[in-house]
Protein chains: 2
Amino acid sequence: MADATDLAVLFKALGDPVRLRLMSMIACHAGGEACVCELTGAFDLSAPTISHHLKVLRESGLVDSQRRGTWVYYRANPDVLARVAAVVDIGDLAAVTA
Amino acid sequence: MADATDLAVLFKALGDPVRLRLMSMIACHAGGEACVCELTGAFDLSAPTISHHLKVLRESGLVDSQRRGTWVYYRANPDVLARVAAVVDIGDLAAVTA
DNA sequence: CTCCTGGTTAGACATACATCAAATCATGTG
DNA sequence: CACATGATTTGATGTATGTCTAACCAGGAG
């Protein structure tokens, strides 16, 4: 049911400490969304690097972005997260196909 | 509660199509364990490559291996899989720390 | 229009990773 | 012991990835 190559993209996107923390900060932020300016300040990394990681999360579908005026806001995509959670349930691991 | 670097190791281990399929084949196999000889034949990859992927899964804790005579058997570690599942629950994403 | 600030893109570079062939280890059999 | 088979380790190689600086794009304020 779920293609291993497609699923691997999701796990790979979460397979980086910075992106995991970004997901955490975005998903748990008040209002369900976080501004890039807040995220960038939380790491000892350059703004382009954070932007790169956000792009990986965005292209995998784990987050969506929206520009409002000068600022860009990111929010988590619950459907895609649920898809990841489902795969890790032992009972559903059989659904991984080539 | 859960260190982002440690968690990322788990997601990275699952972030490869071959390893995802290996996890699926191991977890869903009759008896809860699978012999390497069965796993190797399911891919168009050399035995050393499969062995390498199994090593990644083993070192991450997602599977355990056991030698019985000539053959080596792998079985999934439910606790570690549950840990991964917990993180992806939106409510628990806050538990990811630096 | 000209600046300034927030964010992304482009290019470069070092490291990590997936893969293979060849060599090695482990166990059982003649 | 010698040999065969299952599995892992080693070494090499091409590709992917994380990070940075510099350049660029988008909006708002003078």
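Reminder, nothing fancy here: chain letters follow the sequence lines and each chain counts from 1.
In this entry the distance linking CZ of B/Phe43 with C1' of C/dA18 reads 14 Å, nearest Å. Atom pair B/Ile50:CD1 and C/dA18:P shows a separation of 12 Å (rounding to whole Å applied). In this entry the distance linking CD of A/Gln66 with P of D/dA26 reads 17 Å, nearest Å. The CG-P distance, from B/Asp44 to C/dT19, rounds to 11 Å in whole Å. As a whole-Å value, the separation of B/Leu22 CG from C/dT19 C1' is 14 Å. Taking atom CD of A/Glu59 as the reference point, atom P of C/dT9 lies 8 Å away to the nearest angstrom. Taking atom CH2 of B/Trp71 as the reference point, atom C1' of D/dT8 lies 17 Å away to the nearest angstrom. The distance from atom CG of B/Leu39 to atom P of D/dG6 is 14 Å, rounded to the nearest whole Å.
Among the protein residues, A/Leu45 comes within range of the sugar-phosphate backbone only, with heavy atoms under 4.0 Å from sugar or phosphate atoms but none that close to a base. A/Tyr74 comes within 4.0 angstrom of the backbone, heavy atoms only, and of no base. Across all strands, A/Arg68 comes closer than 4.0 Å to no nucleic acid atom at all (heavy-atom distances). B/His53 comes within 4.0 angstrom of the backbone, heavy atoms only, and of no base.
For B/His52, counting side-chain heavy atoms from C-beta on, the closest listed nucleotide (D/dA7, C/dA18, D/dT9) is C/dA18. Residue A/Pro48 places its side chain closer to C/dT9 than to any other of D/dG6, C/dT9, D/dG18. The A/Ser51 side chain lies nearest to C/dT9 when the options are D/dT8, C/dT9, C/dG6. Among D/dG18, D/dT8, C/dT8, the nucleotide with an atom closest to any side-chain atom of A/Asp16 is D/dG18. Checking D/dT8, D/dA22, D/dG18 against the side-chain heavy atoms of A/Arg19 singles out D/dG18 as nearest.
Among A/Met23, A/Arg19, A/Arg75, the one residue that satisfies the side-chain contact (heavy atoms from CB on, under 4.5 Å) test with A/Val63 is A/Met23.
Side chain of A/Thr40 to main chain of A/Cys37: no donor-acceptor pair is present (N/O by atom type, distance under 3.5 Å, no hydrogens or angles). A side-chain donor-acceptor contact under 3.5 Å links B/Arg67 to the backbone of B/Gly69.
Contact annotation: A/Thr49 does not reach the phosphate of D/dG18 (side-chain N/O to OP1 or OP2, under 4.0 Å). Note on A/Arg67: every side-chain N or O is 4.0 Å or more away from OP1 and OP2 of C/dG6. A sub-4.0 Å separation between OP1 or OP2 of D/dT17 and a side-chain N or O of B/Lys12 is absent. A close approach under 4.0 Å does not occur between any side-chain nitrogen or oxygen of B/Thr70 and OP1 or OP2 of C/dT27. Under 4.0 angstrom from either OP1 or OP2 of D/dC20 there lies at least one side-chain N or O belonging to A/Ser46.
Taking both residues in full, the closest heavy atoms of B/Glu38 and B/His29 are given as OE1-NE2, 3.0 Å, listed atom of the first, atom of the second, then distance.
Rounding to the nearest 0.5 angstrom, the gap separating the OG1 atom in B/Thr5 from the CG atom in A/Asp16 is 9.0 Å. A distance of 10.0 Å separates CG in A/Leu14 from CG in B/Leu14, rounded to the nearest 0.5 Å.
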